[in-house]
Amino acid sequence: MEKWDDNKAWFLVLPVFLVVAFSAIIPLMTVVNYSVQDIMAPGQGIFVGPEWYREVLHDPRLHEAFLRQLIYSFTVLAIEIPLGIAVALTLPSKGWKVSACLVLLALPLLIPWNVVGTIWVVFSRPDIGLAGVTINELLGIPYNYTADPMDSWLTVVIMDIWHWTPLVVLLCYAGLQAIPEAYYQAAKIDGASRWAVFRFIQLPKMRGVLMIAVLLRFMDSFMIYTEPFVLTGGGPGNSTTFLSQFLTKMAIGQFDLGPAAAFSLIYFLVILLLSYIFYTVITNLGKGVAK
Amino acid sequence: MARIVLDDLAHSYRPHPAGPDDYALKRIDTVWEDGGAYALLGPSGCGKTTLLNIISGLLIPSQGRVLYDETDVTRLPPEKRNIAQVFQFPVLYDTMTVRENLSFPLRNRGVSPSDTATRVMEVAQALDLVAVLDAKASGLSADAKQKISLGRGLVRSDVAAILFDEPLTVIDPHLKWQLRRKLKEIHDRFKLTLIYVTHDQVEAMTFADQVVVMYDGEIVQIGTPQDLFENPEHTFVGYFIGSPGMNLLPVTMDGEAALTGSSRIPLTPALAGKARAAAAAGAKLELGIRPMYLGLEDAGVDYGVAARINLVEDQGDCRIVTVSMGDVTVKARVPEGRAIPSQEARAVFPPEWTRIFADGRLLK
């Protein structure tokens with residue numbers, strides 16, 4: 001075929017460039033702009049180069065928040081993914097019960113995030129909350145999420161599990177429903193145990209949806225802000241101050257726009273990097289096993 | 001190795017079947033011999049897969065029994081029966097290698113690793129899978145995957161029968177015949193009972209010693225491919241087998257001949273007698289003739305039935321001629337090289353190839 005000298009086809013991609021520019025690149029560039037300047041007043045900035053990056057990266061409070069965030073995200077993933085799979089496996093596969101279960105499960109997902117926080121405030125308060133009173137009075141275990149860091153951690157984690165496990169369940173359930181009946185029939189004929197069916201049919205077939213579940217849950221939990229803000233406000237002390245909250249305090253509480261911008265970019269790159277690692281690990285998981 | 005007895009089977013997917021229409025399988029009562037290659041042939045929805053699933057134990061029939069030799073297995077789950085099944089599309093354990101896939105049924109049954117290895121190697125050789133034994137099963141082509149599915153059945157030394165549910169659906173046409181030949185080879189070598197479900201008559205005819213034709217939940221005929229072609233016991237078999245299918249004309253009797261419209265078609269005296277008796281008993285009569293036996297002669301001859309040529313389709317090795325006789329049309333298959341009358345012609349029905357069906361059943 002003759003080669004075409006005319007490159008007009010590039011114009012067809014132009015709308016996408018524009019959309020991406022206005023939705024992602026330009027806003028991001030303002031952040032980049034802030035991150036290399038010291039802003040005195042609107043319109044008055046001094047170029048400081050990598051100064052803010054250096055400062056942010058050496059801030060011990062940030063290191064603590066980062067570690068806290070990692071522990072939080074991994075705890076939440078380690079509980080929600082297996083729990084979600086387990087619940088999805090026990091769901092009925094046909095009949096009216098399916099709709100009933102799915103609607104019940106989806107309810108937490110439909111609640112606005114700050115309302116989720118408020119619900120758990122009311123639920124957990126040691127003086128009036130159903131859970132708070134039950135644990136303190138009936139079980140006799142001292143529990144106060146506003147005073148004890150351990151208690152507040154537990155509450156935040158359990159709240160996240162309550163809020164987001166249904167998402168994992170729904171995704172896994174969709175993955176399970178997509179497995180053709182013949183696989184189960186073949187496994188029966190081959191004499192496979194229940195565990196073997198899970199290990200060699202259900203789990204491999206769920207790999208795609210599990211990857212989505214892990215990525216979504218990781219990114220969301222790594223950026224969590226609203227619910228702990230409403231529930232604990234980051235306290236007691238800084239014990240539940242995660243990265244987003246740390247950032248907000250820096251940017252809005254203290255108006256350190258330069259360091260906050262530098263930190264935003266680092267935050268963004270960290271999430272990008274970790275998501276990429278998850279993606280690569282999960283896609284290669286199946287290939288590695290059989291070797 | 002087993003002889004499979006289907007004793008008065010019927011199955012309905014409804015919990016409380018009311019009439020015969022609620023039954024997916026109406027009444028099946030037949031014996032399949034040990035080591036035979038059977039094809040279950042019929043259109044979609046005729047109950048082939050239901051019957052197959054009852055034999056494999058994936059379904060428990062509403063009534064009747066399934067016997068393997070003398071043992072009643074009607075209520076045994078699939079893993080307790082000595083059968084293997086190959087499904088319409090390849091069913092593999094994606095994360096395993098070919099070797100692990102083939103070993104899986106043996107491992108589940110607690111066979112020792114050394115026996116498993118020997119057996120897997122033997123089967124891999126028979127199926128030409130030795131070269132890919134250590135490859136991941138998920139990366140192979142569709143025909144190799146189907147061979148692995150088959151291999152998972154063959155490795156078990158206790159397997160009595162292998163059931164195939166349209167196994168060549170996803171295979172490329174040029175590989176189909178290779179795989180089918182492989183199946184024949186396997187059949188000769190392992191002496192297994194093979195049951196093969198298909199809606200493709202060519203597949204059924206080339207694979208099986210005995211073709212079981214099903215229609216609307218019933219077995220209408222079991223026979224060799226030749227039997228089905230020459231002596232269809234049911235109008236459905238006549239119509240379904242052969243391309244184009246048997247010509248079927250509604251007729252009434254008049255002495256020694258069958259009448260369709262104003263055309264008289266002579267029958268053998270014996271057949272005419274039976275047809276008259278059936279007509280007297282109130283049966284609806286149909287005359288059947290295979291297109292290849294229907295002769296076409298010039299309008300001048302003094303035998304046959306007046307006919308008009310409508311359409312000639314050249315199929316390469318033969319021509320299919322559509323002919324109208326009064327208000328009925330029939331098809332004739334004329335070999336290449338024989339002249340076809342241009343317009344007016346005489347259609348000749350050789351009595352030895354002319355069949356009469358009473359209410360759909362062949363008169364013999």
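Numbered from 1 within each chain, the chains take letters A, B, ... in sequence-line order. All of these numbers come straight from a predicted model, not from anything done at the bench.
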Are more than 12 heavy atoms from other residues, nucleotides or ligands located less than 6.0 Å from atom [atom1] of [X]?
| X | atom1 | result |
| --- | --- | --- |
| A:Trp162 | CH2 | yes |
| B:Lys176 | NZ | yes |
| B:Arg14 | CZ | no |
| B:Lys184 | NZ | yes |
| B:Tyr13 | OH | yes |

Hey, what do you get for [atom1] ([X]) to [atom2] ([Y]), rounding to the nearest 0.5 Å?
| X | Y | atom1 | atom2 | answer |
| --- | --- | --- | --- | --- |
| A:Ser193 | B:Glu79 | OG | CD | 11.0 Å |
| A:Tyr184 | B:Leu58 | OH | CG | 14.5 Å |
| A:Ile189 | B:Asn108 | CD1 | CG | 12.5 Å |

Assess whether ring pair (Phe, Tyr, Trp, His ring centres under 6.0 Å) is satisfied between B:Tyr93 and A:Tyr183, documenting all intermediate values. CA-CA 9 Å; B:Tyr93 305 103; A:Tyr183 280 87; 7.7 Å; no

Which portion of B:Leu106 sits near chain A, non-hydrogen atoms under 4.5 angstrom: neither

So, the part of B:Arg107 with a heavy atom under 4.5 Å from chain A: the answer is side chain

Could you give me the CA-CA distance, side-chain angles and deciding distance for A:Gln185 and B:Val91, then say whether side-chain contact (heavy atoms from CB on, under 4.5 Å) is met? CA-CA 10 Å; A:Gln185 297 179 338; B:Val91 175; over 6 Å; no

Under 3.5 Å: donor-acceptor pair, side chain of B:Arg109, backbone of A:Asp190: yes

The residue among B:Ser56, B:Pro77, B:Pro78 that forms side-chain contact (heavy atoms from CB on, under 4.5 Å) with A:Lys188 is B:Pro78

Check this for me, if you would: do A:Lys205 and B:Asp94 make a salt bridge, where the nitrogen-to-carboxylate-oxygen distance has to be below 4.0 angstrom? yes

Would a 4.5 Å heavy-atom cut-off, applied to side chains only, mark A:Pro180 and B:Phe89 as touching? yes

